[in-house]
Amino acid sequence: MKDELNNYRINNPDGASKEKYSEQKTSYGNDDPHYVKEDPLSGQSEMFRTTETYDERRQFSAPSRQAENGSESQSPSYESLSSSASSAVSSVASVTSATAGIGALAGVVATAVMTAVIVVAVFVSTLRINLSLVMANMNSLVFQVEMQGAQEEDFENRIFAVLTSDDGTYREQEIRPDSLYLTFDDLSPGKEYFICVKNAEKVFAEKSFFTATEADEKGSIFVQSEGKDVFISVEHVTLKSGEFYTLIAKDQQGKVVFAKDGVEAFAEYRFSVFEPQNLYFSLSVGGKTLAVSQIEIQLEPEPRPQPEPRPQPEPIVEPDYDFNSPVWIWEKDYSSANVAFPDKNGGDDLVLIATVESTVAAEPTCEEDGYIEYIAVAEYGRQSYSDMKTESLSAIDHDYGEPTFVWEESDDAYSVTAIFTCAHDPSHTVVEQAYLSSEKDTPSSGYITYTAEVDFNSTVYSETKVEEAAVEEEPTADAFLSLNDGPIHINPTGYASSESGLNNPTEFVSSADNPYVIQDQEVSDCDNIINVYQQNADIFTADIYIKLSNVTIETRNWCSLFRIVATNTLNIHLIIEGNVYFSAYGQKIFSSQGSGGATVNIEIDQTAGTFNYNFSGQNSGLSEANSGQININI
C-alpha cells in the first residue's frame with residue numbers, strides 16, 4: 001500500500017511533490033480540494049471543484065447496483081434524479097392549462113415561475129461535504145463524513161456516496177444528516193477506487209483511493225452491548241517506543257461519550273449509556289486511525305431517579321454516658337492513651353485524653369527480666385479514671401571484660417587461672433584455667449618469658465611474666481654421638497650415649513650452628529637406634545639439630561631407626577653432609593608416639609653426599625604416627 005492513502009490526482013497548481021505509480025498515473029502530495037477524473041480514452045482530464053455544479057459533459061455511467069443474486073450489473077443513470085423545484089413548476093403549469101385560457105395561462109405560469117423564483121431565493125444551500133479516509137484495509141475503505149452548513153432542505157434530494165472501480169463495479173451509500181462514517185466492504189486488495197458524493201443537482205466531493213496491497217494490522221476493536229453497558233475489546237495493538245493509542249466513542253451528533261488513552265496490546269473497557277442511540281468507535285495512534293466500529297444501542301430509556309424526600313431532622317437527644325464501662329485505647333509503645341465512654345442513647349462516645357506516666361518497677365538483671373509500669377489517668381468533672389499497662393524489660397546478660405590472671409608457683413613451676421568478673425554484678429565470676437608456655441630468650445641468656453593464655457567467649461586473653469634464669473655456658477665443640485655405645489637418647493636439653501646415661505644426660509642444647517653429630521659409623525641392630533624425647537610439657541615448641549656424615553643404620557626384628565616421643569610441637573632437623581643410608585625391616589624408619597595433640601616435623605636437608613633409605617617386610621614404611629601427627633619434608 002502506498003504511503004499516501006489519498007491517491008487522488010490533481011493538476012498540481014502549486015508545484016507539490018509527486019510520485020510516479022505507472023506510465024499513465026501520477027500522484028501529487030497536497031490537499032487542495034481540486035479533484036480530477038481521467039478520461040480513459042483521450043487521456044485528457046478536467047477539473048471539478050467541490051463548490052461547483054457537476055459538469056454534465058463529464059456525466060459518467062456508473063455500474064448498477066448489485067443484483068439480488070450477488071452478481072454486479074450496470075447502475076441506473078443519475079439523470080433520472082430530477083429536481084424538486086422543476087417538478088413543482090411543471091405541476092402548477094399543468095393544472096392552470098386545464099382551467100383557463102392562453103392569457104390566463106400566461107399569468108398563472110408567470111405567477112408560478114415568480115413563486116418558484118421566490119422559493120429558490122429564500123433557500124440558499126451552504127452545505128459542504130468532505131470524506132476523510134480513516135482506514136484502508138485489503139478489502140475495505142472507511143471514511144469519516146464531515147459536513148458544514150447543513151440544513152434540513154439539503155436532504156430533500158437524497159445524497160449518495162458512490163464508490164466506483166475501473167472495472168465497472170460500484171457500491172453506494174446514502175448520506176443522511178446523522179451520518180458520521182461510511183464503510184465499503186468486499187473490495188479487492190491493491191486496487192484504485194473512485195468515490196463521488198452528489199445528489200441530482202450537485203457534486204460535493206470526488207476522490208480516488210487505493211485499498212491495501214497486504215495485511216498490515218496494527219490493532220483492532222470489537223464492540224458489544226449488554227443492556228445499558230457497552231464493552232470494548234482492544235486487541236493486537238503494536239506500538240513503537242513512546243507511542244500510545246487513543247480510543248474514542250461518539251454519538252450520532254459527533255459528541256464524544258467515551259475516550260481513553262492506553263499502551264496495552266490487549267485491553268477491555270466498559271461504559272454505560274442511558275438511551276438508545278448509534279455509537280461510532282475509532283482506534284488511532286498519532287492521529288492515524290487503525291480501526292473503527294459501530295453499534296446500535298436499543299433499550300428503553302431509564303427513568304431518571306427521583307430525589308428522595310429530605311429527611312426530617314430527628315429530635316435532639318441529650319447524651320447519657322456510661323461511666324461504668326470505660327474503653328481504654330493505648331498506643332503500641334504505651335506513650336499515650338485515650339478513654340471512651342459509650343452513649344446509652346446511641347450517640348457519639350465521650351473521648352478523653354489521658355495523662356500517661358511510666359515507672360521502672362523492676363530493673364532487669366543479668367539473669368532475670370524486669371518490667372515498666374505505665375499508668376494512664378483521665379478526669380471528667382470531679383471523677384478520675386485510670387488504667388495500667390506493664391512492659392517487660394529483657395535481662396541484660398553478663399558483661400565480662402578483661403580477666404584477672406592469678407599466678408601460683410609450686411616446685412619451680414607455675415599454675416595460672418583467669419578470673420572474669422561481670423561489670424553489672426561483681427558477685428558473678430567465671431574462673432578459667434590458663435594455658436602456660438615459656439620461652440628462653442637465647443640458650444645463654446638470663447631471662448625466661450612465661451605466657452598465660454585463655455580462650456573465653458571466642459576471645460583470647462593473655463598475660464606474660466618474665467623471670468631471671470641461670471646463664472648457660474655455650475659449648476665449645478659439637479656434641480659427638482656414638483652409635484657403637486648402644487641406642488642414643490636425645491632431648492632438647494641434652495643427650496646420653498647409652499641406656500645408663502639417660503637419667504644423667506650431658507647438658508647440651510643443639511642449634512643449627514651446634515648440632516648433635518653422628519659421623520663415620522655403621523650399625524646393624526635389633527633395637528630402636530635413635531630415641532628423641534620432648535619431655536617438658538611446658539615447652540610448647542622444641543628444635544633438635546642432628547648432623548649425619550657417612551652413616552649407615554640398619555634395624556631388624558620390628559625396630560625403628562628413629563623412635564620419637566613428643567608432647568607439643570617437636571622439630572627434628574637432619575643435616576646430611578656425607579653418604580647416609582637408612583634401612584628398616586618390619587617397621588617404620590620414623591615412628592612417632594606421644595600425646596594426641598603433638599606434632600612432629602622432620603626436615604631432611606642434604607647439603608652434600610647422598611641420602612638413601614629402604615624398608616621391607618610387613619608393616620614397614622617411611623613413617624608412622626601412633627599418636628598426634630608426623631610430617632616429613634625431604
Side-chain angles (χ1 to χ4, degrees), residues 6 8 10-11 13-14 30-37 45-60 62 75-97 105-134 143-164 172-182 194-208 250-255 278 280:
N6 295 351
Y8 47 82
I10 65 174
N11 285 339
D14 53 1
N30 65 22
D31 291 325
D32 191 321
H34 300 71
Y35 310 110
V36 174
K37 189 175 191 312
S45 61
E46 295 184 28
M47 180 181 299
F48 305 94
R49 296 182 178 271
T50 58
T51 57
E52 295 176 354
T53 304
Y54 185 79
D55 193 333
E56 295 294 331
R57 296 176 303 164
R58 299 301 299 157
Q59 178 75 24
F60 64 95
S75 67
S77 173
Y78 280 90
E79 294 177 356
S80 62
L81 299 176
S82 60
S83 170
S84 61
S86 300
S87 299
V89 173
S90 300
S91 176
V92 172
S94 176
V95 171
T96 54
S97 62
L105 177 61
V108 171
V109 171
T111 303
V113 171
M114 183 61 67
T115 302
V117 171
I118 293 174
V119 171
V120 173
V122 172
F123 172 67
V124 178
S125 176
T126 60
L127 174 63
R128 298 183 63 184
I129 301 176
N130 186 35
L131 299 184
S132 298
L133 182 68
V134 294
F143 301 92
Q144 182 176 358
V145 181
E146 300 173 353
M147 290 185 286
Q148 296 180 356
Q151 304 178 55
E152 293 183 3
E153 291 87 342
D154 289 315
F155 297 92
E156 292 181 355
N157 289 333
R158 299 171 68 186
I159 302 175
F160 291 89
V162 182
L163 187 72
T164 309
E172 69 177 18
Q173 291 192 39
E174 184 179 1
I175 296 180
R176 299 184 300 273
D178 59 352
S179 296
L180 291 181
Y181 291 95
L182 298 178
F194 182 80
I195 190 167
C196 177
V197 179
K198 65 178 182 177
N199 59 13
E201 297 179 344
K202 183 178 181 179
V203 173
F204 293 92
E206 290 179 316
K207 288 185 181 181
S208 61
K250 296 182 180 180
D251 61 12
Q252 295 173 240
Q253 289 72 37
K255 178 182 177 181
N278 291 330
Y280 304 89

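The side chain to side chain donor-acceptor pair (under 3.5 Å) test applied to Glu146 returns Ser132, not counting sequence neighbours. With sequence neighbours excluded, the residues that form a side chain to side chain donor-acceptor pair (under 3.5 Å) with Asp154 are Ser125. Scanning for side chain to side chain donor-acceptor pair (under 3.5 Å) contacts around Gln151 gives an empty result, with sequence neighbours left out.
Residue Phe143 holds its CZ atom at 10.5 Å from CD1 of Ile175, rounded to the nearest 0.5 Å. For the atom pair CG of Leu182 and CD1 of Ile195, the computed distance is 6.5 Å after rounding to the nearest 0.5 Å. Here Lys250 contributes atom NZ and Tyr181 contributes atom OH; the two are 5.0 Å apart, rounded to the nearest 0.5 Å. Annotation: the span from Met147 atom CE to Asn130 atom CG amounts to 11.5 Å, rounded to 0.5 Å. Note that CG of Leu131 is 9.5 Å distant from CG of Leu133, once rounded to the nearest 0.5 Å.
Closest approach of Ala205 to Ile129, counting heavy atoms only: CB-O, 3.6 Å. Here the closest non-hydrogen pair linking Asp251 and Leu180 is O-CD1, 2.8 Å. Closest approach of Thr126 to Gly149, counting heavy atoms only: OG1-O, 2.9 Å. Of all heavy-atom pairs between Arg176 and Phe155, the closest is C-CE2, 3.8 Å.
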Verify side-chain contact (heavy atoms from CB on, under 4.5 Å) between Val203 and Cys196, making sure each step is shown before the conclusion. CA-CA 7 Å; Val203 173; Cys196 177; 3.9 Å; yes
Step-by-step side-chain contact (heavy atoms from CB on, under 4.5 Å) determination, Leu127 to Ile159: CA-CA 11 Å; Leu127 174 63; Ile159 302 175; 3.8 Å; yes
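With contacts defined as side-chain heavy-atom distances shorter than 4.5 Å, the pair Glu206/Phe194 qualifies. In this structure the side chain of Asn199 never reaches within 4.5 angstrom of the side chain of Glu156, judged on heavy atoms.
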